[in-house]
Amino acid sequence: MTTLNPAQINQYDSDDMLHLLSGFSEQCKRGWEIGESFKLDRDDGQPPSNIVIAGMGGSGISGDLAKAVIGARSTCPIIVNRGYSVPAFVTAQTLFIAVSYSGNTEETLLSVEQAAAQGANILGVTSGGKLKAFAEAHNLPCVTIPAGQPPRASLGYLLMPILSILDRLRLIPDFNFQSDLDETIDLLAQLAADFQPGITESLPKRLAGTLHGKLPIIYAPQELEAIATRWKGQMNENSKSLAYCSVYPEMNHNEIEGWKHPSALTQRCHVIQLHDPIAPPQTQRRMDITAELIEPHTAGVTAVHSQGSSLLARLLSLVAIGDWTSYYLAILYEQNPTPVERIEELKRRLET
Ligand code: PA5
């Protein structure tokens, strides 16, 4: 296992991603306050028939996480829409939440235009850009969040206003958000303290050392798909590493057979299994048996468990562990975690 030299942090993290990671707890608190102080015109007691959250990459993940936090408690269907077009069921009965940190993401902008044309109730969440301009031009509600950070490091600003608004629209029954939030903020602050570079032994440092030079394969119960997607995305964007994710129980019906070839590759894959009590006991059993079956074909299997008591705290504890792991993995790969040059270059080329 590769170990991390603290001097490398200063050398590679020249844009100070460490500062943003360390402030995740505070950002969640501020994001919630932004959501709570947003004036909701549309609180007429008529719940929407469905909720569509549109967004890509570091913004779209806030939709996945909102959906995961609400989980089975949701009183109406929630879908996360990643693309240019929206389904025909988007109508005047839909709450369409368009999330784009920059406000300039092509897919999200086209989808919000289409949703508006189909009569949906639009809500924007953005730091500015064309989405904010579109909302202003059409007199649509729009939550404005602080600008100037990478989208993926703005998760507290993106996620918390969505949860606050869904809570105020009474779409999450039996939800005591304030106490869940208090627990979450305290836990995230504690994790940030435990995961600081000056602490010699920490779970993210250990995981990063294990994953260095390997292909990370993130497996999770279906209920934690958002977290597995976040881990993958953070390893892609922060660590500049390929990563892959998949969920139980579906992978037991196909992917489990693939753990044989190409053997030179499978032996270089390290599996991370994300665990949380939200998984049905049957899924838990499947995860344990699968680990035994595939382990000989892998570089190793490591279990990572959520922390905390409320679902919100548990989900965000796993997000924090993954974010910090991707950060230390970036440093081990001698990468600056902040810039995403290919994503930006692609966007530039698409504009011409
Ligand atoms: O992390 C990133 O930079 C990307 O994944 C972006 O979030 C993605 O391209 C969408 O951009 P935005 O979040 O500004 O809508």
Side-chain angles (χ1 to χ4, degrees), residues 13 15-21 23-24 27 31 34 52-67 80-86 96-115 122-135 140 142-162 218 226-245 319-320 322-327 329-330 335-351:
D13 185 14
D15 293 304
D16 207 5
M17 177 67 84
L18 179 62
H19 175 72
L20 294 171
L21 273 181
F24 184 39
Q27 194 190 107
I34 292 171
V52 177
I53 306 176
M56 307 300 299
S59 292
I61 194 71
S62 64
D64 295 324
L65 281 161
K67 192 174 162 181
V80 180
N81 200 63
R82 284 185 167 84
Y84 289 98
S85 57
V86 301
F96 190 92
I97 306 178
V99 192
S100 170
Y101 184 77
S102 63
N104 292 325
T105 297
E106 185 178 82
E107 299 93 319
T108 313
L109 289 168
L110 274 182
S111 71
V112 76
E113 278 175 28
Q114 191 186 333
I122 309 285
L123 170 71
V125 180
T126 184
S127 70
K130 293 178 186 163
L131 180 57
K132 189 165 161 64
F134 178 81
L140 300 169
C142 187
V143 180
T144 307
I145 56 176
Q149 303 182 171
R152 64 192 182 282
S154 308
L155 182 61
Y157 289 144
L158 294 162
L159 170 66
M160 291 299 170
I162 299 176
I218 319 299
I227 312 296
T229 306
R230 171 75 177 183
W231 275 59
K232 173 192 175 293
Q234 292 291 77
M235 283 170 188
N236 298 152
E237 293 188 52
N238 287 345
S239 324
K240 281 74 180 171
S241 166
L242 275 179
Y244 176 82
C245 69
V319 166
D323 286 2
W324 281 89
T325 299
S326 72
Y327 175 77
L329 187 56
Q335 298 295 312
N336 180 347
T338 301
V340 282
E341 285 164 9
R342 287 211 190 110
I343 295 175
E344 280 165 13
E345 172 65 14
L346 177 76
K347 287 182 180 178
R348 264 194 301 276
R349 289 202 201 181
L350 285 168
E351 268 173 18

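Note that ligands are numbered from 1 as they come in the structure, with each ligand's atoms numbered from 1 the same way.
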Quick one: which ligand 1 atoms are inside 4.0 Å of a heavy atom on [X]?
X: S59; answer: 7 (O), 12 (P), 13 (O), 15 (O)
X: K347; answer: 8 (C), 9 (O), 10 (C), 11 (O)
X: G57; answer: 5 (O), 7 (O)
X: T105; answer: 10 (C), 11 (O), 12 (P), 14 (O), 15 (O)
X: S100; answer: 12 (P), 14 (O), 15 (O)
X: M56; answer: 7 (O), 8 (C), 10 (C)
X: R152; answer: 1 (O)

Give yes or no for whether the N/O distance cutoff of 3.5 Å, strictly under, is met between G58 and ligand 1.
->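 Among all N and O atoms of G58, at least one is under 3.5 Å from an N or O of ligand 1.
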- Taking heavy atoms and a distance under 4.0 Å, where does P151 meet ligand 1: side chain, backbone, both or neither?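 Side chain only.
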| task | Please step through side chain to side chain contact (heavy atoms under 4.5 Å, CB included) for the pair L20 and R152, ending with a clear verdict. | result | CA-CA 10 Å; L20 294 171; R152 64 192 182 282; over 6 Å; no
When you compare the side chains of S326 and N238, does any donor N or O come within less than 3.5 Å of an acceptor on the partner?
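Yes, because at least one side-chain N or O of S326 sits under 3.5 Å from a partner of the opposite role on N238.
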Q. Between the side chains of Y84 and Q114, does any donor sit under 3.5 Å from an acceptor?
A.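 No - no donor-acceptor pair under 3.5 Å links their side chains.
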Query raised in the report: Should E351 and K347 count as an ion pair when the cut-off is N to O under 4.0 Å?
Result: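 No salt bridge links E351 with K347.
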Hey, mind stepping through T325 and M235 against side chain to side chain contact (heavy atoms under 4.5 Å, CB included) and telling me if it holds?
CA-CA 8 Å; T325 299; M235 283 170 188; 4.1 Å; yes
The closest protein heavy-atom partner of atom 1 (O) of ligand 1 is E237 OE1, 2.4 Å
message: Among all the protein's non-hydrogen atoms, which is closest to atom 14 (O) of ligand 1, and how far away is it?
response: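 Here the nearest protein heavy atom works out to S102 OG, 2.6 Å.
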- Roughly how far apart are T144 OG1 and L131 CG, rounded to 0.5 Å?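 CG of L131 is found 9.0 Å from OG1 of T144.
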Exercise. Passes side chain to side chain contact (heavy atoms under 4.5 Å, CB included), L65 versus V319? Steps please.
Worked result: CA-CA 10 Å; L65 281 161; V319 166; 4.1 Å; yes
query: Quick one: does Y157's side chain get under 4.5 Å of P146's, heavy atoms only?
result: yes
